[in-house]
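Within every chain, numbering begins at 1; the chains are lettered A, B, ... in the order of the sequence lines, protein sequences first and strands thereafter. Bear in mind the structure is a predicted one, so any value in this text is a computation, not a measurement.
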Number of protein chains: 2
Amino acid sequence: MSETKDRPYHHGDLRRALIDTALDMLATDQNWAFTLREVARRTGVSHAAPYKHFRDREMLLRELARIGFVRLGESMTEAMPPDMPSTRAQFMAAARACIGFACQNPGLYRLMFSSDADKTIDPQLHDAAMATFGILLGLLERGQRDGSFRPVAVSALAAASWAQVHGLAMLAISHQLLEEKVGPAPIPAALDVLLDGMCHGN
Amino acid sequence: MSETKDRPYHHGDLRRALIDTALDMLATDQNWAFTLREVARRTGVSHAAPYKHFRDREMLLRELARIGFVRLGESMTEAMPPDMPSTRAQFMAAARACIGFACQNPGLYRLMFSSDADKTIDPQLHDAAMATFGILLGLLERGQRDGSFRPVAVSALAAASWAQVHGLAMLAISHQLLEEKVGPAPIPAALDVLLDGMCHGN
DNA sequence: CGCATAAGTTTCTCCTGTAAACATGGAGGA
DNA sequence: TCCTCCATGTTTACAGGAGAAACTTATGCG
């Protein structure tokens, strides 16, 4: 009972600890210098320990991306409670949530859409990405049913809004939305333009 | 006069050769395993030679990104000759050119918008990016003058269309525009939705 | 108990970026 | 013409990362 929590040799749940450390790094480090050894170091284990839980670096990255999609989905769902005034308002809230998520986790967001995390290989990652995308699809379908959105193919609306939100997020975390280019409040401005194309009349 | 062209020791224009090799690699390699030593190897020089022309890896990357912006601008300009039927058609052509450029140079396009190529540090890179962005701005302003686009703040149109095109390009090169998600022809579909928001009436 | 095994550690090889020291050959002045 | 300087190469060296292999520990199960 000497050092109950210092170093029990067997960490208990190293896998989780490594993931947490890595997520911290991805939220903090803008510079994408993601090193497996650095993760191990910050977690307080030897540099080979992670290999007992992840076949290689890529596998850890994919798991991180998967968690990223899950969390992004949670953020978006939380941001648009069903009692909101309009579907359009829900859309705006979800879009802002997505972009906010990207800005608060730039490294993670980049990872989620990088080729490092190849979704064609990992079915779990693919499913997570699809589930998050499904939130958007559901919102659009609801909006079409209640007449908020134009009755064009829902896949067209999905492609447009997904690209718009993703594009804004990527540009934002790359610090490319400079005022000299796109004015002082580019995100709501851009979303408004898009919504004008998606909504009826007005 | 033994080996006139094999190895003149002094390469002549190694800087250019390195850049060309690197551009090839960025067009070919999807996997973003961009190694300075590999560039040197493929160019046929020692791994330290590049350091005579670029202070470090980042400096080469920034130069590549700069060239990328120049070429992207050229592609877009070529794609929209001034005698096109409508400004809307010009916009579509420029957008397709941008996305096509990304698909043909995925590594380069990623690099251009990665944090590795920090535009806040390199004024030349910043200028090149601004110039390319200026093509879009010019098109939008022309479209507003001739009544094709709504007379809202041009920065709003710029933010929306830039985000849309960039988003589509990023999703395309990440192989995320799967038919199960966004239908068979997501790019024109998405651009149409956006244009409906940017154009008058109809 | 005693041992099989999961979970850590050390050690090793190969690769990368980068610095320093050395080599070469072409251009400009004596 | 020749010598010397210097830009542009090469070799060598070192630190740090990915990952494999061999070794160690402690833990759960008979």
Side-chain angles (χ1 to χ4, degrees), chain A residues 1-22 24-26 28-29 31-65 107 111 114-118 121-122, chain B residues 1-22 25-26 29 31-65 107 111 114-118 121-122:
Chain A
M1 193 192 164
S2 48
E3 297 162 88
T4 346
K5 32 182 64 177
D6 257 359
R7 293 279 166 81
Y9 195 95
H10 283 93
H11 185 286
D13 197 354
L14 180 57
R15 183 188 161 89
R16 185 76 56 181
L18 290 169
I19 288 175
D20 288 345
T21 304
D24 270 4
M25 288 173 62
L26 285 179
T28 305
D29 293 8
N31 14 351
W32 185 233
F34 185 88
T35 286
L36 209 50
R37 281 167 118 98
E38 177 74 12
V39 175
R41 219 172 287 134
R42 292 202 200 184
T43 313
V45 294
S46 80
H47 61 89
Y51 288 92
K52 299 292 168 170
H53 299 273
F54 303 94
R55 180 154 22 98
D56 56 11
R57 191 187 118 112
E58 302 271 312
M59 186 141 292
L60 171 56
L61 290 180
R62 278 198 288 270
E63 174 64 8
L64 294 171
L111 171 63
S114 83
S115 51
D116 280 339
D118 191 345
I121 287 180
D122 186 335
Chain B
M1 195 193 163
S2 48
E3 296 161 87
T4 345
K5 31 182 62 177
D6 258 356
R7 291 284 162 77
Y9 196 96
H10 284 94
H11 184 286
D13 198 353
L14 180 56
R15 183 187 160 90
R16 185 75 56 181
L18 290 169
I19 288 175
D20 288 345
T21 305
M25 290 174 61
L26 285 179
D29 294 7
N31 13 348
W32 185 231
F34 185 89
T35 287
L36 209 50
R37 279 168 119 102
E38 177 73 12
V39 176
R41 220 172 286 136
R42 294 203 198 184
T43 311
V45 293
S46 79
H47 65 259
Y51 287 91
K52 300 293 169 171
H53 300 273
F54 303 96
R55 184 158 10 106
D56 56 11
R57 192 186 117 109
E58 303 272 313
M59 185 139 293
L60 171 56
L61 290 180
R62 278 198 288 269
E63 175 63 8
L64 294 171
L111 171 63
S114 83
S115 50
D116 280 338
D118 191 344
I121 285 180
D122 187 334

Could you tell me how far apart [X] ([atom1]) and [N] ([atom2]) are, to the nearest whole angstrom?
| X | N | atom1 | atom2 | answer |
| --- | --- | --- | --- | --- |
| A:Arg42 | D:dG17 | CZ | P | 12 Å |
| B:Met59 | C:dA19 | CE | P | 12 Å |
| A:Phe54 | C:dA6 | CZ | C1' | 16 Å |
| B:Asp13 | C:dG26 | CG | C1' | 16 Å |

For nucleotides 18-23 of chain D, just jot down a letter per nucleotide in 5' to 3' order: B, S or -, based on protein non-hydrogen atoms under 4.0 Å.
BB----

Any idea which heavy atoms bring A:Met25 and A:Val39 closest together, and the distance?
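Distance-wise, the nearest heavy atoms are SD-CG2, 3.6 Å.
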
What pair of heavy atoms forms the shortest contact from B:Leu18 to B:Pro50, and how long is it?
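In terms of heavy atoms, the two residues are closest at CD1-CA, 3.8 Å.
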
Nearest 0.5 Å, what's the CG-NZ distance between A:Leu14 and A:Lys52?
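These two atoms lie 11.5 Å from each other.
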
Separation between CD of A:Glu58 and CG of A:Asp122, rounded to the nearest 0.5 Å
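The CG atom of A:Asp122 is 11.0 Å from CD of A:Glu58, to the nearest 0.5 Å.
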
Take B:Leu111 and B:Phe34, measure what side chain to side chain contact (heavy atoms under 4.5 Å, CB included) needs, and give me the verdict at the end.
CA-CA 10 Å; B:Leu111 171 63; B:Phe34 185 89; over 6 Å; no

Mind checking if B:Arg15 touches a base, just sugar-phosphate, or nothing, with heavy atoms under 4.0 Å?
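Since no nucleic acid heavy atom lies under 4.0 Å of B:Arg15, the category is nothing.
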
Which residues share a side-chain hydrogen bond (donor to acceptor under 3.5 Å, both in side chains) with A:Arg16, sequence neighbours left out:
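side-chain hydrogen bond (donor to acceptor under 3.5 Å, both in side chains) check on A:Arg16 returns nothing, list empty.
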
A:Arg41: what forms a salt bridge (Lys or Arg N to Asp or Glu O under 4.0 Å) with it, not counting sequence neighbours?
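Listed in chain order: A:Glu38.
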
Between the first and last five pairs of the helix from C:dC1-D:dG30 to C:dA30-D:dT1, the angle of the axes, rounded to 10 degrees:
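The helix from C:dC1-D:dG30 to C:dA30-D:dT1 shows an end-to-end axis angle of 10°.
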
With sequence neighbours left out, what residues match B:Arg15 under side chain to side chain contact (heavy atoms under 4.5 Å, CB included)?
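Checked B:Arg15 against side chain to side chain contact (heavy atoms under 4.5 Å, CB included); matches are B:Asp13, B:Ile19, B:His53, B:Phe54, B:Glu63.
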
